[in-house]
Amino acid sequence: LLGGAGLTVVSVDERRFAYPLSEPEDALRWVRSLYLPDLGRRRCRAAQRVTRRWIGSSIGIPLRRLVATKDR
């Protein structure tokens with residue numbers, strides 16, 4: 001995809017960050033932070049109920065950073 005746009009990947013960095021779920025509010029905040037444009041209220045509440053069960057653990061959030069340069 002990047003090559004078709006005239007770019008070359010220089011480096012790729014992957015990291016995992018832990019988001020601790022210490023309190024019920026942490027679980028609700030995590031669900032609300034997700035971009036879920038077509039999720040109805042019923043399914044959102046169900047996701048919040050499930051996430052509340054994870055209190056005392058953490059959720060791994062993977063991130064990837066790509067650095068690309070423009071081909072000459």
Provide the closest heavy-atom pair for Thr51 versus Ala27 in the form atom of the first, atom of the second, distance. CG2-CB, 3.4 Å

Looking at OG1 of Thr8 and CG of Asp71, how far apart are the two atoms once the value is rounded to the nearest 0.5 Å? 3.5 Å

Approximate separation, where rounding is to 0.5 Å, of Ser33 OG and Tyr19 OH: 7.0 Å

Return the minimal non-hydrogen interatomic distance between Leu2 and Ala68, and the atom names on each side. CD1-CB, 4.3 Å

Assess the residue pair Arg15 and Arg65 against the criterion (side chain to side chain contact (heavy atoms under 4.5 Å, CB included)); give the C-alpha distance rounded to whole Å, side-chain angles, the decisive distance to 0.1 Å, and a yes or no. CA-CA 9 Å; Arg15 294 189 184 191; Arg65 180 182 72 169; over 6 Å; no

Approximate separation, where rounding is to 0.5 Å, of Leu28 CG and Cys44 SG: 9.0 Å

Glu25/Trp30 under side chain to side chain contact (heavy atoms under 4.5 Å, CB included): CA gap, chis, key distance, verdict: CA-CA 9 Å; Glu25 293 79 26; Trp30 183 79; over 6 Å; no

Leu7 vs Lys70, test: side chain to side chain contact (heavy atoms under 4.5 Å, CB included). Steps then yes/no. CA-CA 4 Å; Leu7 300 168; Lys70 179 98 173 130; 4.2 Å; yes

Pairwise side-chain contact, Glu14 with Leu63, heavy-atom cut-off 4.5 Å (strictly under): no

Any idea which heavy atoms bring Pro20 and Ser58 closest together, and the distance? CA-CB, 3.7 Å

Are any non-hydrogen side-chain atoms of Phe17 and Ile59 less than 4.5 angstrom apart? no

Contacts of Asp38 that satisfy side chain to side chain donor-acceptor pair (under 3.5 Å) - sequence neighbours left out: none

Between Gln48 and Val31, which heavy-atom pair has the shortest distance, and what is it? CG-CG1, 3.9 Å

Hey, mind stepping through Ile61 and Arg16 against side chain to side chain contact (heavy atoms under 4.5 Å, CB included) and telling me if it holds? CA-CA 5 Å; Ile61 302 176; Arg16 180 188 176 275; over 6 Å; no

Under 4.5 Å between side-chain heavy atoms, counting indirect links through other Ile/Leu/Val/Met/Phe/Trp/Tyr residues: same cluster for Leu66 and Val10 or not? no

